[in-house]
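Everything on this sheet refers to the single structure shown next.
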Protein chains: 2
Amino acid sequence: MEKIFQALSSTVRRKILAYLSGGSMTAGEIAERFEISKPSLSKHLNILENAELVRREKKGQFIHYSLVQENLANTLNGFIQEVCPVSRPLKKESAEKASQRKA
Amino acid sequence: MEKIFQALSSTVRRKILAYLSGGSMTAGEIAERFEISKPSLSKHLNILENAELVRREKKGQFIHYSLVQENLANTLNGFIQEVCPVSRPLKKESAEKASQRKA
DNA sequence: TAGGTAATTAGTCAATTAGCTAATTATAGG
DNA sequence: CCTATAATTAGCTAATTGACTAATTACCTA
């Protein structure tokens, strides 16, 4: 939980997860999409793996990274339930704002 | 979005949100529940307010803090949708793990 | 208006983070 | 076996974070 929220606090790492939601990619393919050095990206990938948000699989010379969807979804949904429990519905005012924004 | 995930990366701040899910509290009431100094807590509250996850309302000598549920729920749900889209359902293996854990 | 309480702001400091370059590891292929 | 490629680890630095104490602001009440 701590590790997961920590991992999600970086824009780079959230973007990596978004890329991986389209299918697994090698470290190099991910690196191409960012303007930071490969070692820096490697660190980000380490943090994501350590939080069990991605899985790493070595295939010959390449390392393929893929998303671990259920950890992400379970943690975030769990937190939403804890802080915004369904048993305690939104107040009218809040509900209105929520439907206005929808983003 | 950036501010919200940044705000959520601290255990202290996530706990504050959890407390506030039970109803609004003054800064002092929140401070009682932690072992850190009031100024440190004040900073955390500032970060949460800046991320628009809590609202501050002054009543005489006291400042009442309350949760802004819809911002939290909208942002987290939006991110889950982006990274774990329903149109791309979980693979069998992943779905099994997810149901095993449930935490 | 003086004293007390609630809370924040200011300023300092140690620890962490995020980036970089250089070096290392591991694999593929001539 | 040697070279090239993919990626990581090691080591460094600047910037940020999170804690503290001291000082300030704001409000209440005698």
Side-chain angles (χ1 to χ4, degrees), chain A residues 1-20 22-68 72 75 79, chain B residues 1-20 22-68 72 75 79:
Chain A
M1 168 110 168
E2 168 69 16
K3 279 183 183 174
I4 288 182
F5 276 103
Q6 193 60 34
L8 293 177
S9 69
S10 147
T11 302
V12 168
R13 292 193 290 266
R14 288 196 305 279
K15 273 190 191 164
I16 292 173
L17 295 177
Y19 281 131
L20 290 179
S24 76
M25 298 167 73
T26 68
E29 287 170 336
I30 297 171
E32 283 171 10
R33 287 160 173 77
F34 293 90
E35 303 231 314
I36 63 180
S37 69
K38 283 187 179 191
S40 298
L41 211 96
S42 191
K43 254 189 203 172
H44 285 297
L45 289 169
N46 244 323
I47 289 169
L48 287 170
E49 210 215 356
N50 208 248
E52 297 182 73
L53 289 177
V54 306
R55 195 177 27 199
R56 141 197 290 161
E57 195 179 348
K58 193 157 189 175
K59 285 185 185 169
Q61 205 174 358
F62 298 87
I63 298 183
H64 292 253
Y65 282 90
S66 58
L67 190 61
V68 181
L72 186 68
T75 300
F79 185 69
Chain B
M1 170 111 170
E2 168 69 15
K3 280 184 183 175
I4 287 182
F5 276 103
Q6 192 61 32
L8 293 177
S9 70
S10 147
T11 302
V12 168
R13 291 193 289 266
R14 288 196 306 278
K15 274 190 189 161
I16 292 173
L17 295 178
Y19 281 132
L20 290 179
S24 75
M25 297 168 73
T26 68
E29 287 170 338
I30 298 171
E32 282 172 10
R33 286 158 172 80
F34 292 91
E35 303 230 315
I36 63 179
S37 69
K38 283 186 178 191
S40 298
L41 211 94
S42 190
K43 254 189 203 171
H44 284 299
L45 289 170
N46 243 324
I47 290 169
L48 288 171
E49 210 216 355
N50 209 248
E52 296 182 71
L53 290 177
V54 305
R55 194 176 28 196
R56 143 196 288 162
E57 194 179 349
K58 193 158 190 176
K59 286 185 186 169
Q61 205 171 358
F62 299 87
I63 298 182
H64 293 254
Y65 282 90
S66 58
L67 190 61
V68 181
L72 185 68
T75 300
F79 185 70

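We name chains A, B, ... by the order of the sequence lines, and we start the count at 1 in each one.
Between B:Thr26 and C:dA7 there is a side-chain N or O to OP1 or OP2 distance below 4.0 Å.
Rounded to an integer number of Å, the gap from CZ of B:Phe34 to C1' of D:dC20 is 17 Å. Taking atom CD on A:Glu57 and atom P on D:dA6, their separation rounds to 19 Å, with Å as the unit. Straight-line distance from the CD1 atom of B:Ile63 to the P atom of C:dT5: 18 Å, rounded to whole Å. In this structure, CD1 of B:Ile47 is placed 14 Å from C1' of C:dT8, rounded to the nearest angstrom. Between the CZ atom of B:Arg56 and the P atom of D:dT25 there is a distance of 17 Å, given to the nearest Å. Computed from coordinates, the A:Ile16 CD1 to C:dA18 P distance equals 11 Å when rounded to whole Å. Between B:Ile30 atom CD1 and C:dA7 atom P there is a gap of 9 Å when expressed in whole angstrom units. Separating the NE2 atom of B:His44 from the C1' atom of D:dT17 is a distance of 9 Å, rounded to the nearest angstrom.
Ranking C:dC20, D:dG18, D:dA19 by closeness to the B:Ser40 side chain, first place goes to D:dA19. The side chain of B:Ser37 lies closest to D:dC20, out of D:dA7, C:dT8, D:dC20. For B:Phe62, taking side-chain heavy atoms from C-beta onward, the closest of the listed nucleotides C:dA7, C:dA18, D:dT8 is C:dA7. For A:Lys43, the listed nucleotide lying nearest its side chain is C:dA18; candidates were C:dT9, C:dA18, D:dA10. Nearest to the side chain of A:Pro39, among D:dA10, D:dG18, C:dA18, sits D:dA10. Of the listed nucleotides (C:dG19, C:dT8, D:dA7), D:dA7 has the atom at the smallest distance from the side chain of A:Ala27.
Between B:Leu72 and B:Val68, every side-chain heavy-atom pair lies at or beyond the 4.5 Å cut-off. For the pair B:Arg55/B:Leu20, no side-chain contact is recorded, criterion being any heavy-atom separation below 4.5 Å from C-beta on. The side-chain heavy atoms of A:Ile16 and A:Tyr65, taken from C-beta on, include no pair separated by under 4.5 Å. For the pair B:Leu17 and B:Leu53, the minimum side-chain heavy-atom distance is below 4.5 Å.
With DNA chain C read from its 5' end, the first of the two nearest nucleotides for A:Leu41 and B:Lys38 is the one closest to B:Lys38. Two residues, A:Asn46 and A:Gln61, neighbour DNA chain D, and the one matched to the more 5' nucleotide by heavy-atom proximity is A:Gln61.
Within the 4.0 angstrom heavy-atom criterion, only backbone atoms of the sugar-phosphate kind lie near A:Tyr65; the bases stay farther away. Across all strands shown, B:Lys58 has heavy atoms under 4.0 Å from sugar-phosphate atoms exclusively, and none from any base. Backbone-only engagement by B:Gln6 is indicated by non-hydrogen atom pairs under 4.0 Å involving sugar-phosphate atoms exclusively.
A salt bridge does not link B:Glu52 to B:Lys3: none of the charged nitrogens lies less than 4.0 Å from a carboxylate oxygen.
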